> 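Before anything else, here's the structure in question.
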Amino acid sequence: MLQVAYIRDHKAEVLKGLAKRQIDASMMIDQVLLLDEARRATQTELDNTLAESNAISKEIGNLFKSGKAAEANELKAKTSQLKEDSKALGEQLNEKVNALNELLYKIPNVPHLDVPAGNSEADNEEVYREGDIPKLHAAAQPHWELAKTYDIIDFELGNKITGAGFPVYKGKGAKLQRALISYFLDKNTAAGYTEYQLPLLVNEASGFGTGQLPDKEGQMYHVGEDDLYLIPTAEVPATNMYRDSLLAETDLPIQLTGYTPCFRREAGSYGAHVRGLNRLHQFDKVEILRIEHPEKSYQALEHMVEHVKTILKELKLPYRILRLCGGDLGFTSALTYDFEVFSTAQDRWLEISSVSNFETFQANRLKLRFKNKEGKTELCHTLNGSALALPRVLAGILENYQTEDGIDIPEVLIPYTGFSKIQNS
RNA sequence: AGAGAGGUGGCCGAGCGGUCGAAGGCGCACGCCUGGAAAGCGUGUAAACGGCAACGUUUCGAGGGUUCGAAUCCCUUCCUCUCUGCCA
């Protein structure tokens, strides 16, 4: 959520930034400013009314103490009108605050200056590319075929026990998953991220804090009985650990990592490109998250990007990095880099990581602040990224590492898998 | 799930109708002390909103009520802890 004070002081920049998302926000912003002004006026009026009744109450107290009950009772009569007034003003204030907030929830984050304008993924900007695309043998298969050939992932079985999008990994497929998780966590902790195991169900306040609610209500699985949501990403529980916090400047930066399954309803996203592991309702992901001093957050974003690069380089997967354009940028993000692995057998790029700086957008909702050197409270910047999302990395490995007689395991993973090849026995 | 206890500042913890934004401690900042540090001593230190400021208002889990006046009394609700039950 944007800060009203910021909008007030930087209206032109806000509008210009939002225009990169192909949003003409001028109506909304004007409305925000109008409501904000009205809110302040009502607040002042309320404050004055309350100040008056407080003063009278104090006087009554003093009169009673000095035994002047008659005078005190006389004063009491005066308070009833003030009481009515303050009640009415209080209601007005509430209405205005609610209307203002509802509007603010609808306004996405203002993109960073580096974000290119654009409509869709076609306008994303490729900023880096690394790794050779392997030449596969003639009978090369996409990963869902490989999964069957080598009996390592069973999609049918998942259909049976749950439904589409819940694959069953077995044998070396399951072991490879576990190897990837361990490898990612080890890389992240070695880079200074503290490992966490987090709850997979979160309450409404948490969903709201990171911006999934109320905006993306339908994307999360909801457990009605207990009014909890299955997490769509570790970002939600991880970031919400710091909801309503006032940190010392010396606490920053905070860096953490965690492995969690992620659950997404993916309502309305069926189509040609959702085969196999490409899009699932349940998948595994290792996330990295940072809470930063505002002046250092973009440097931190670069560090995160570099970190993810080293992992992909070690895995020897061909990948590229995109700077998302305004139209493709997530609601809460100011700047996002997407990592995509080239899936050779499918001949397409698969998103495997998304690294974002949310600046104060989440922190504002979360009330995540720190006390700066001058002793003033200031909102932190939050950042997070996948390091990495498992299914598409797995798809990339299966497809790019396939040979005629099996699938090779990337060298860095062998210590984790305990085997170097997946093949039919 | 049943019974009981409790939710107060950055943290811990006292307060149980006006003198309470709230004792005390820890932490933090500054100063003294020291060759330097620790310890010790002194001073300061809540947040949000409105206001150029002085200052005002709000906030003691959340929401409602009683009262001229509520951290304190009443109701509702959420959460935590302890015991019992169940259970990996």
Side-chain angles (χ1 to χ4, degrees), chain A residues 1-9 32-101 103-104 197 199-209 213 222-229 237 240-254 261 291 293 360 363-380:
Chain A
M1 170 162 84
L2 296 176
Q3 298 166 82
V4 185
Y6 182 84
I7 298 177
R8 217 187 291 151
D9 299 339
V32 164
L33 294 176
L34 222 66
L35 275 167
D36 177 50
E37 213 181 309
R39 193 212 98 227
R40 274 150 52 208
T42 309
Q43 170 113 40
T44 305
E45 215 177 322
L46 210 212
D47 285 357
N48 292 337
T49 311
L50 288 171
E52 201 175 328
S53 30
N54 286 345
I56 293 176
S57 288
K58 208 170 242 176
E59 216 178 322
I60 291 173
N62 289 333
L63 287 172
F64 271 125
K65 237 180 294 172
S66 49
K68 297 173 184 163
E71 283 176 54
N73 285 320
E74 218 169 287
L75 270 179
K76 274 193 199 180
K78 277 175 71 178
T79 58
S80 64
Q81 184 60 43
L82 288 170
K83 232 174 156 179
E84 264 174 56
D85 290 352
S86 53
K87 197 173 174 187
L89 285 167
E91 276 164 23
Q92 280 178 45
L93 182 65
N94 249 333
E95 275 169 36
K96 279 166 190 166
V97 168
N98 289 341
L100 180 60
N101 282 337
L103 247 177
L104 285 171
Q197 278 207 8
L200 306 181
L201 288 158
V202 294
N203 57 29
E204 196 181 348
S206 293
F208 182 79
L213 296 174
H222 182 234
V223 182
E225 183 90 27
D226 297 289
D227 200 16
L228 296 171
Y229 295 86
N240 274 285
M241 290 197 286
Y242 291 92
R243 170 153 47 86
D244 290 320
S245 313
L246 180 51
L247 306 170
E249 188 164 345
T250 48
D251 292 334
L252 302 174
I254 287 163
I291 297 170
H293 190 288
T360 60
N364 189 210
R365 280 201 194 188
L366 290 160
K367 295 198 176 62
L368 167 48
R369 303 97 83 218
F370 70 98
K371 203 162 242 182
N372 67 21
K373 288 197 185 71
E374 290 80 53
K376 292 247 168 74
T377 50
E378 215 179 312
L379 291 171
C380 301

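Computed from a predicted model, the values in this text were never measured in an experiment. Below, chains carry the letters A, B, ... as their sequence lines are ordered, and counting in each starts from 1.
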> Establish, with yes or no, whether the OP1 or OP2 oxygen of B:rC49 is under 4.0 angstrom from a side-chain nitrogen or oxygen of A:Arg39.
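A:Arg39 to B:rC49 OP1/OP2: no side-chain N or O under 4.0 Å.
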> Specify the separation, in whole Å, of atom CG of A:Asp9 and atom P of B:rC52.
12 Å
> Using the P atoms only, state how far B:rC26 lies from B:rC79, rounded to an integer number of Å.
36 Å
> Compare all side-chain heavy atoms of A:Leu89 with those of A:Thr49 and state whether any distance is below 4.5 angstrom.
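SC-SC contact between A:Leu89 and A:Thr49 confirmed.
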> Give, for atom OG of A:Ser86 and atom CD of A:Gln81, the distance between the pair rounded to the nearest 0.5 Å.
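The CD atom of A:Gln81 is 10.0 Å from OG of A:Ser86, to the nearest 0.5 Å.
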> Could you give the distance from CG (A:Asn203) to CG (A:Asp227), rounded to the nearest 0.5 Å?
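If we round to the nearest 0.5 Å, A:Asn203:CG and A:Asp227:CG are 8.5 Å apart.
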> Between B:rG13 and B:rC81, how far apart are the P atoms? Round to whole Å, please.
14 Å
> Rounded to the nearest angstrom, tell me the gap between atom NZ in A:Lys371 and atom P in B:rC11.
11 Å
> Can you check each nucleotide of nucleotides 54-68 of chain B against protein heavy atoms at under 4.0 Å and return B for base, S for sugar-phosphate only, - for none, in 5' to 3' order?
--BSS---------B
> When the P atoms of B:rC60 and B:rC52 are compared, how many Å lie between them, rounded to an integer?
28 Å
> Could you check whether any side-chain heavy atom of A:Leu2 comes within less than 4.5 Å of a side-chain heavy atom of A:Asn364, counting everything from C-beta outward?
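Side-chain contact under 4.5 Å: no.
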> In dot-bracket, 5' to 3', how would RNA chain B read with Watson-Crick or G-U wobble pairs under 3.5 Å, [ ] for crossing ones and | for pairs to another strand?
((((((((.[[[..)..(.....]]]((((((.......))))))(((((....))))).[[[[[..)....]]]]])))))))....
> Can you check the distance between B:rU58 and B:rA71, where both ends of the measurement are the C1' atom (answer in whole Å)?
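Taking atom C1' in both B:rU58 and B:rA71, they lie 14 Å apart.
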> Between A:Ser53 and A:Lys83, is any pair of side-chain heavy atoms under 4.5 Å apart?
no
> Taking atom P in both B:rC41 and B:rA14, what distance in whole Å separates the two?
24 Å
> In whole angstrom, give the distance that lies between atom CG of A:Leu379 and atom C1' of B:rA47.
13 Å
> Can you tell me how far P of B:rC78 sits from CG of A:Asp226, to the nearest Å?
12 Å
> Give one of base, sugar-phosphate or nothing for A:Lys78, where a contact means two heavy atoms less than 4.0 Å apart.
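Contact class for A:Lys78: none.
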> So, taking the atom named CG in A:Asn98 and the one named CZ in A:Arg39, what distance separates them when rounded to the nearest 0.5 Å?
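The CZ atom of A:Arg39 is 12.0 Å from CG of A:Asn98, to the nearest 0.5 Å.
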> Please report, rounded to the nearest Å, how far the P atom of B:rC78 is from the CD atom of A:Glu204.
14 Å
> Are A:Ile254 and A:Leu247 side-chain neighbours, meaning at least one heavy-atom pair lies under 4.5 Å?
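The answer is yes; the side chains approach within 4.5 Å.
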> Rounded to the nearest 0.5 Å, what separates atom CG in A:Asp47 from atom OG1 in A:Thr42?
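A:Asp47 CG to A:Thr42 OG1: 10.5 Å, rounded to 0.5 Å.
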> Sticking with atom C1', work out how far B:rC28 lies from B:rG9, rounded to a whole angstrom.
14 Å
> When you compare B:rG21 with B:rU76, how far apart are their C1' atoms, in angstrom units rounded to a whole number?
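Here B:rG21 and B:rU76 have their C1' atoms 27 Å from each other.
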> How close or far is atom P of B:rA47 from atom CZ of A:Phe370, stated in whole angstroms?
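After rounding, the reported distance stands at 14 Å.
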> Mark yes or no for whether A:Thr79, through its side chain, and A:Leu75, through its backbone, hold a donor-acceptor pair below 3.5 Å.
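The answer is no, because no donor-acceptor pair under 3.5 Å joins these two groups.
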> If the P atom of B:rG40 is compared with that of B:rU8, how far apart are they to the nearest Å?
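Result for the P pair: 28 Å, nearest Å.
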> Kindly compute the distance separating CG (A:Leu379) from CG (A:Leu368), expressed to the nearest 0.5 Å.
7.5 Å
> What integer distance in Å separates A:Leu246:CG from B:rA48:P?
8 Å
> Given atom CG of A:Asn101 and atom C1' of B:rC49, what is their separation to the nearest angstrom?
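Taking CG of A:Asn101 and C1' of B:rC49, I get 13 Å after rounding.
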